[in-house]
Amino acid sequence: MRDLSEIRDEIDGIDREIVELFEERLRLVTQVAEYKIANSRQVLDRGRELSKLTALEELAGTDFSRKSIRELFEQIMSISRKRQYQLLAAAGQTAAAEFQPVEEILRTDVRVVYQGVEGAYSQMAMEAFFGDSCDSFHVESWRDAMEAIKQGDADYAVLPIENSSAGIVSENYDLLEEYDNCIVGEQTIQISHALLGLPGTRLADLTCVYSHPQALMQCVDFLDEHRDWERISLKNTAVSAQKVLKDGKRNQAAIANPVTARLYGLEVLKEAINYSAENSTRFIIVTGRKIYRRDAGKISICFELPHESGSLYQILSHFIYNDLNMNKIESRPIKNKSFEYRFFVDFEGNLADAAVQNALKGVKEEALGLRVLGNY
């Protein structure tokens with residue numbers, strides 16, 4: 001039996017040869033990229049890659065070697081593409097060229113739309129971002145808010161995107177993909193839910209509670225103590241308070257912010273009924289202009305993927321290779337495509353950064369339908 005150190009020395013020698021050959025391969029890849037830049041050719045040629053992988057597999061002598069060779073060269077080809085994307089980005093071929101940097105996001109002399117009625121959490125988020133004297137109006141639905149920007153009736157819209165307890169607002173993820181609007185800011189609001197009713201109402205009087213679906217979820221522990229109460233979902237917490245006031249029935253209550261009670265002349269029947277004291281909702285600020293602050297540090301994108309093994313892994317490798325920290329990934333079903341999904345990713349970076357441009361170029365080439373949703 002050979003000595004272990006002798007075997008390792010031989011492996012080290014082979015590894016040095018592999019490194020030399022790999023670097024020579026990268027030099028040739030650079031020449032390929034220069035040709036593709038000059039001739040406006042795409043980096044990814046999936047047909048050639050598959051044919052090449054099959055040919056390389058056939059050079060192997062065992063089943064184990066064949067699988068190993070394929071996996072090895074899939075990574076080598078992926079790295080080669082990333083080098084080509086670097087060169088394309090350096091040549092100005094980026095995935096977000098339509099976005100323009102600005103020094104500040106205008107917060108005065110602008111018109112802002114939010115969903116709901118006065119007292120809604122969306123209004124609170126709007127006032128926290130734009131100030132409490134901003135020119136604003138409210139609409140019935142989140143789609144109406146996006147449509148207001150599209151039609152030029154508003155400069156900005158404020159939309160909830162996720163809650164720390166109840167998760168994402170899935171409808172607004174879908175609207176981000178559907179409308180060609182851009183995220184330019186975000187605002188987090190601490191959520192404090194209270195049970196509101198007509199003055200003089202007692203808990204024993206109640207038979208139904210109104211609120212937004214997420215608010216009902218956030219107060220599930222309290223509501224489970226009163227299982228005889230019917231839980232009815234409405235579009236907004238403030239709308240729920242408005243309904244209790246309008247109906248004038250003591251068997252009804254709403255879950256909303258205590259500020260809403262003062263606004264609509266209701267009584268706080270019980271405070272702090274959400275099960276998490278750290279409950280907060282993140283709102284996004286969207287506009288129809290493709291702009292971003294020069295000092296922006298967070299990027300949101302969405303994309304579809306080929307329905308094949310390893311496609312998500314390959315896409316996410318672009319963030320790893322470029323040392324970009326990914327904060328979040330969500331998936332949403334694609335309409336009219338059974339069990340296929342659109343992915344939403346948040347990661348740290350600025351659209352002017354070379355690493356970001358490289359990563360986005362790679363994602364655009366290899367994914368289906370990349371959209372940069374904003375840098376903020």
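Of the inter-residue distances, the one linking Phe22 atom CZ with Ser80 atom OG reads 6.0 Å to the nearest 0.5 angstrom. Taking SG of Cys208 as the start and CD of Gln252 as the end, the distance is 4.5 Å to the nearest 0.5 Å. Taken to the nearest 0.5 Å, the NE2 atom of His307 stands 10.5 Å off from the CG atom of Leu305. The NZ atom of Lys36 lies 9.0 Å from the CD atom of Gln42; values are rounded to the nearest 0.5 Å.
Ile7 shares a hydrophobic cluster with Ile11; the chain of contacts runs through ILVMFWY side chains whose heavy atoms sit under 4.5 Å apart. Listed by chain and number, the hydrophobic cluster partners of Val113 are Phe137, Val139, where partners are ILVMFWY side chains within reach of under 4.5 Å, directly or through others. Within the hydrophobic cluster formed by Ile, Leu, Val, Met, Phe, Trp and Tyr side chains joined at under 4.5 Å, directly or through other members, Phe222 is accompanied by Leu195, Leu203, Leu206, Val209, Leu216, Leu223, Trp229, Ile255, Leu269, Ile273.
For the pair Gly248 and Leu198, the tightest heavy-atom approach, listed with the atom from each and the gap, is C-CD1, 3.2 Å.
Listed by chain and number, the residues in a side chain to side chain contact (heavy atoms under 4.5 Å, CB included) with Asp224 are Val220, Arg227, Arg231 (sequence neighbours excluded). Applying the salt bridge (Lys or Arg N to Asp or Glu O under 4.0 Å) rule to Glu34 yields no partners; only residues at least two apart in sequence or on another chain are considered. Residues that satisfy the side chain to side chain donor-acceptor pair (under 3.5 Å) test with Asn181, not counting sequence neighbours, are absent from this structure. Checked against side chain to side chain contact (heavy atoms under 4.5 Å, CB included), Glu348 has the following partners two or more places apart in sequence or in another chain: Asn325, Asn327. With sequence neighbours left out, the ring pair (Phe, Tyr, Trp, His ring centres under 6.0 Å) criterion links Tyr264 to no other residue.
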Between Arg2 and Glu10, does the salt bridge (Lys or Arg N to Asp or Glu O under 4.0 Å) criterion hold? Intermediate values first, please.
CA-CA 11 Å; Arg2 294 175 64 188; Glu10 190 171 339; 2.7 Å; yes
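For the residue pair Arg83/Gln86, the side-chain donor-acceptor check at 3.5 Å is satisfied. Between the side chains of Ser141 and Asp144, at least one donor N or O lies within less than 3.5 Å of an accepting N or O. A side-chain N or O of Glu366 and one of Tyr85 form a donor-acceptor pair less than 3.5 Å apart.
Shown here is Glu267, whose CD atom has more than 12 heavy atoms of other residues, nucleotides or ligands within 6.0 Å. Counting heavy atoms of neighbouring residues, nucleotides and ligands inside a 6.0 Å radius, atom CD of Glu271 does not exceed 12 of them. For Glu278, the CD atom is loosely surrounded, since the number of other residues' heavy atoms within 6.0 Å does not exceed 12.
At least one test fails for Lys298 against the ring of Tyr376: distance under 6.0 Å to the centre or angle within 45° of the axis. Cation-pi geometry between Lys82 and Tyr321 is met: the NZ or CZ atom falls under 6.0 Å from the ring centre, inside 45° of the normal.
Under the salt bridge (charged side-chain N to carboxylate O under 4.0 Å, His left out) criterion, the residue pairs touching residues 110-130 are Arg111-Asp135, with sequence neighbours excluded. Sorted by first and then second residue, the salt bridge (charged side-chain N to carboxylate O under 4.0 Å, His left out) pairs involving residues 187-203 (not counting sequence neighbours) are Arg202-Asp205. Residues in residues 146-194 take part in these ring-ring contact (aromatic ring centres under 6.0 Å, His included) pairs, two or more places apart or across chains: Tyr121-His193, Phe130-Tyr156, Tyr173-Phe344.
Salt bridge present: Arg46 and Glu49 bring a charged side-chain N and a carboxylate O closer than 4.0 Å. Comment: Arg294 engages Glu103 in a salt bridge, judged by a side-chain N to carboxylate O separation of less than 4.0 angstrom.
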Please tabulate, for the side chains in residues 285-292, all donor-acceptor contacts under 3.5 angstrom to protein atoms that are two or more places apart in sequence or on a different chain.
residue : atom : partner : partner atom : Å
Thr287  : OG1  : Asp155  : O            : 2.8
Lys290  : NZ   : Asp180  : O            : 3.3
Lys290  : NZ   : Asp180  : OD1          : 2.8
Lys290  : NZ   : Asp180  : OD2          : 3.4

